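Only one structure is covered here, and it is reproduced in the block below.
So that the names make sense, note that chain A is the first sequence line, chain B the second, and so on, each numbered from 1. On a predicted model such as this, the values are computed, not experimentally measured, just so you know.
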Protein chains: 2
Amino acid sequence: MRLYIGLVHYPVYNKNREKIASAITNFDLHDLSRLARTYGAKRLFIITPLKKQHILAERISAHWTSGYGAGYNIHRKEALETIKVVSAIEAAIDAIMETEGEQPLIITTDASRQSGRDISYSHTREILDSERTVFLIFGTAWGLHEDILKMSDFILDPIEGNTDYNHLSVRTAAGIILDRLAGRYE
Amino acid sequence: MRLYIGLVHYPVYNKNREKIASAITNFDLHDLSRLARTYGAKRLFIITPLKKQHILAERISAHWTSGYGAGYNIHRKEALETIKVVSAIEAAIDAIMETEGEQPLIITTDASRQSGRDISYSHTREILDSERTVFLIFGTAWGLHEDILKMSDFILDPIEGNTDYNHLSVRTAAGIILDRLAGRYE
């Protein structure tokens, strides 16, 4: 499976649907890197143009990959090693192309159903099973800005639980989505 | 569906497999209550015997259900209203019995496969579909103490991604498990 995941901090929406850069959250880095490692995603890109946020993300990551945490918890080291901090989605795409030798299929996620370029979980799973390189992109705050949705090849169907309520954290949503795309169980 | 979920802070294991009480985490309360609400679980029990932790959990919850947060974010209010803080698993079971008029089937979760009382996702889903009351219990820290595993009717199969790595956060694991038990998608 040639799956890459990205967590976007800019451009995303705030509560008032304005374009903002959100702050990096320690829990996101830990939860999503552990998830990436469990499901065999090849890299987790943390995307933010803010230089101070790069330093923060790299400090957290370094603590667990080469600092005190590396000896304290080997499993956390293995997870956080999947992280690469980049300034923009384009930089992540370039890095993927360099590794895989092909343009990744870009699939974004959104809490609302998007007509036109929507894609189902089963279809996305088939694409992954065919060894096509896929870059799956998640948003923070109130979700990915439409500029990002516009540049994607497909927009994954939203998670619909079994109620009309649909406000999961990105940590929970990403877990559910990766399991739908790559999990196996009885 | 008559599903209740519980998050246990005591008794759980620490890194050295000692019996401890873990601290309540703000992110757990938010992520798990939003998850419970999305999938229609009837209540999220936060289980800790520490009185100061009760006060903390109730302060977080009150901020979003009746304080400033209730007006700021109505979706968060709806989620956090599913929380009830109790001192022990027995108190949660009593509350469930009072509502449902029957003893819940107790299903615990563990990151390792347990022989003997293990149950698959498809079997658990059938039980939920039959309207039997189920209490699904998650552990914090390094997982549920064996005293809790022993008192359960079944132990749910662990999540196995598609690697040998299996160290998800409880926030991510709970999302994957609820989706496997109650999610619907194409």
Side-chain angles (χ1 to χ4, degrees), chain A residues 1 3 15 25-28 30-41 72-79 82 111 118-125 128 142 156-186, chain B residues 1 3 15 25-28 30-41 72-79 82 111 118-125 128 142 156-186:
Chain A
M1 191 172 66
L3 174 63
K15 188 169 186 284
T25 303
N26 186 30
F27 277 80
D28 287 349
H30 281 265
D31 286 11
L32 294 186
S33 66
R34 293 159 76 182
L35 176 69
R37 185 66 186 77
T38 299
Y39 285 87
Y72 179 75
N73 188 337
I74 178 74
H75 302 308
R76 215 49 81 88
K77 171 175 152 71
E78 279 184 68
T82 65
D118 54 312
I119 190 168
S120 68
Y121 293 91
S122 58
H123 187 181
T124 307
R125 188 186 265 265
L128 284 169
W142 268 255
L156 190 62
D157 285 346
I159 296 169
E160 287 160 345
N162 39 18
T163 68
D164 57 354
Y165 186 91
N166 175 21
H167 304 279
L168 295 169
S169 74
V170 70
R171 298 169 290 283
T172 309
I176 292 167
I177 288 172
L178 257 69
D179 192 59
R180 287 183 178 188
L181 298 181
R184 291 176 210 289
Y185 60 94
E186 279 171 35
Chain B
M1 191 173 66
L3 174 63
K15 189 170 184 283
T25 303
N26 187 31
F27 277 80
D28 286 349
H30 281 265
D31 286 11
L32 293 186
S33 66
R34 292 159 78 182
L35 176 68
R37 185 66 187 78
T38 299
Y39 284 87
Y72 179 76
N73 188 336
I74 177 75
H75 302 308
R76 214 50 80 87
K77 171 174 152 70
E78 278 183 70
T82 65
D118 53 313
I119 190 168
S120 68
Y121 293 91
S122 57
H123 187 183
T124 307
R125 187 186 265 264
L128 284 168
W142 268 255
L156 190 63
D157 285 345
I159 296 169
E160 287 161 344
N162 39 19
T163 68
D164 57 355
Y165 187 92
N166 175 20
H167 304 280
L168 295 169
S169 75
V170 69
R171 298 169 290 283
T172 309
I176 291 167
I177 288 172
L178 257 69
D179 191 59
R180 287 183 178 187
L181 298 181
R184 291 175 211 288
Y185 61 94
E186 280 172 34

What residue in [options] has the most heavy-atom pairs under 4.5 Å with chain A?
options	result
A173(B), A182(B), S169(B)	S169(B)
E186(B), R180(B), H30(B)	R180(B)
Y39(B), Y121(B), F27(B)	F27(B)

Look only at the side chain of [X] and the backbone of [Y], and say whether a donor-acceptor pair between them is shorter than 3.5 Å.
X	Y	result
T163(A)	T38(B)	yes
T172(A)	L168(A)	no
N166(A)	A111(A)	yes
K77(B)	Y72(B)	no

Report task. Please state whether the side chain, the backbone, both or neither of L32(A) comes within less than 4.5 Å of a heavy atom of chain B. Result -> neither

Query raised in the report: Which atoms of N162(A) come close to chain B, meaning under 4.5 Å heavy atom to heavy atom: side chain ones, backbone ones, both, or neither?
Result: both

Requested in this report: List in chain and number order the residues that pass salt bridge (charged side-chain N to carboxylate O under 4.0 Å, His left out) with R171(A), two or more places apart in sequence or in another chain; answer none if no residue qualifies.
Outcome: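 In terms of salt bridge (charged side-chain N to carboxylate O under 4.0 Å, His left out), with neighbours along the sequence ignored, R171(A) is linked to D28(A), D31(B).
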
**Report entry** Partner set under salt bridge (charged side-chain N to carboxylate O under 4.0 Å, His left out) for R76(B), not counting sequence neighbours
**Finding:**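 Partners of R76(B) by the salt bridge (charged side-chain N to carboxylate O under 4.0 Å, His left out) criterion come out as none, since no residue qualifies.
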
Please look at [X] and chain A and tell me whether the side chain, the backbone, both or neither of the residue comes under 4.5 angstrom of a heavy atom of that chain.
X	answer
T25(B)	side chain
A174(B)	neither
R184(B)	backbone
I177(B)	neither

Requested in this report: Quick one: sort the H75(B) and Y165(A) rings into parallel, tilted or perpendicular, breaks at 30° and 60°.
Outcome: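 The rings of H75(B) and Y165(A) stand perpendicular, inter-plane angle above 60°.
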
